Amino acid sequence: AFIVSAPSGSGKTTLCNKLINSGLGLARSVSATTRKIRKGEKEGVDYYFLSEGDFKKQLKRGGFLEHAKIFGNFYGTPKDFVLQTLHAGKDILLAIDVHGAMKIKRSLKAEKVFIFIMPPSMAALEKRLKARSADSEAQISKRLKTAKRELSFVSKYEYTVVNDSLEQAFSDLKCIIKAERSRRLRKS
């Protein structure tokens, strides 16, 4: 399992979409959320968009590997798909926040590789958040504060990729995946 985390606005979703479509044979773990769908997002592709009631029902049934409330919305990683994919011997890509990643680190009994995507700077991150026009100034301020806390988790990840150039960051991610697969083959 490849677990990718990043502060909001760092390019995690774009980079993960590129990885899924790159021919590397990665399965996408689609998270569930109670947040509203954004322009350009698709149900079942970007997220499973659930009502808070449905999310809580699934949570009560033990349907998530990890879950959290972030910026007032619930997010969770559906358990069954991840376990079935790993059991079938396939690599899976999970794009989740740092707290979810730490829960996965402790709970998922499978080989895991943790990758943290960093913005080139806090100023660049702020510019990206403003450019996507998805949040108010107050929400952007909150996201920047959260990003500073999330950056303190970098040392808990095996790899760090700075997304200054999308193509370079994508290339770095592909190299990490290929290297980890080679390492795994050597061990078996």
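Please read these numbers as outputs of a predicted model, since none were measured by experiment.
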Excluding sequence neighbours, so at least two apart, what forms side chain to side chain contact (heavy atoms under 4.5 Å, CB included) with [X]?
X    : result
N73  : T33, T34, R35, Y75
K148 : M122
A110 : L86, L108
A124 : P120, S121

* To do: Report yes if the side chains of T146 and S8 come closer than 4.5 Å at any heavy-atom pair, otherwise no.
  => no
* Side chains of M118 and L151 in contact at under 4.5 Å (non-hydrogen atoms) -> yes
Looking at every non-hydrogen atom in both residues, tell me the closest pair between [X] and [Y] and how far apart they are.
X    : Y    : answer
V30  : V45  : CG2-O, 3.7 Å
E180 : R183 : OE1-NH2, 2.6 Å
F64  : A32  : CE2-CB, 3.8 Å

* Asked: Would F74 end up clustered with I37 when hydrophobic side chains under 4.5 Å apart are linked, directly or stepwise?
  -> no
N/O donor to acceptor pairs below 3.5 angstrom from side-chain atoms of residues 53-61, sequence neighbours left out:
unit_1, atom_1, unit_2, atom_2, d
D54, OD2, S51, OG, 3.4
K56, NZ, E52, OE2, 3.0

First locate atom [atom1] of [X], then atom [atom2] of [Y], and finally report the distance between them rounded to the nearest 0.5 Å.
X    : Y    : atom1 : atom2 : value
S5   : K12  : OG    : NZ    : 6.5 Å
D80  : H87  : CG    : NE2   : 13.0 Å
D46  : N17  : CG    : CG    : 6.0 Å
F116 : T160 : CZ    : OG1   : 7.5 Å

* Asked: side chain to side chain donor-acceptor pair (under 3.5 Å) with S22: which residues, sequence neighbours excluded?
  -> none
Return the set of residues passing salt bridge (charged side-chain N to carboxylate O under 4.0 Å, His left out) with [X] (not counting sequence neighbours), or none when no residue passes.
X    : result
D97  : none
E66  : none
R149 : none

* Asked: Counting only N and O atoms by type, is there a donor-acceptor contact under 3.5 Å from the side chain of S10 to the main-chain atoms of A6?
  -> no
* Using modelled atom types only, decide if a donor and an acceptor are shared between the side chain of T85 and the backbone of F81 within a distance under 3.5 Å. => yes
* To do: Report yes or no: is the cationic atom of K105 (NZ for Lys, CZ for Arg) under 6.0 Å from the centre of the six-membered ring of F114, at an angle within 45° of the ring normal?
  => yes
* **Stepwise side chain to side chain contact (heavy atoms under 4.5 Å, CB included) test for L65 and K103** => CA-CA 8 Å; L65 278 175; K103 289 176 186 173; over 6 Å; no
* Asked: Charged N to carboxylate O below 4.0 Å: is that the case for D91 and R181?
  -> yes
* Taking only residues at least two apart or on different chains, which pairs with a member in residues 164-178 satisfy side chain to side chain donor-acceptor pair (under 3.5 Å)? -> K18-E167, Q168-D172
* Apart from L15 itself, residues in the same hydrophobic cluster as defined by side-chain heavy atoms under 4.5 Å -> F2, V4, L19, I20, L24, L26, L93, V113, I115, I117, Y159, V161, L166, F170, L173, I176, I177
* To do: Assess whether side chain to side chain contact (heavy atoms under 4.5 Å, CB included) is satisfied between S31 and Y48, documenting all intermediate values.
  => CA-CA 6 Å; S31 295; Y48 294 109; over 6 Å; no
* To do: With sequence neighbours excluded, tell me which residues meet ring-ring contact (aromatic ring centres under 6.0 Å, His included) with F153.
  => H99
* To do: Evaluate the criterion side chain to side chain contact (heavy atoms under 4.5 Å, CB included) for residue pair E41 and F49; output intermediate values, then yes/no.
  => CA-CA 10 Å; E41 289 181 328; F49 295 95; 3.4 Å; yes
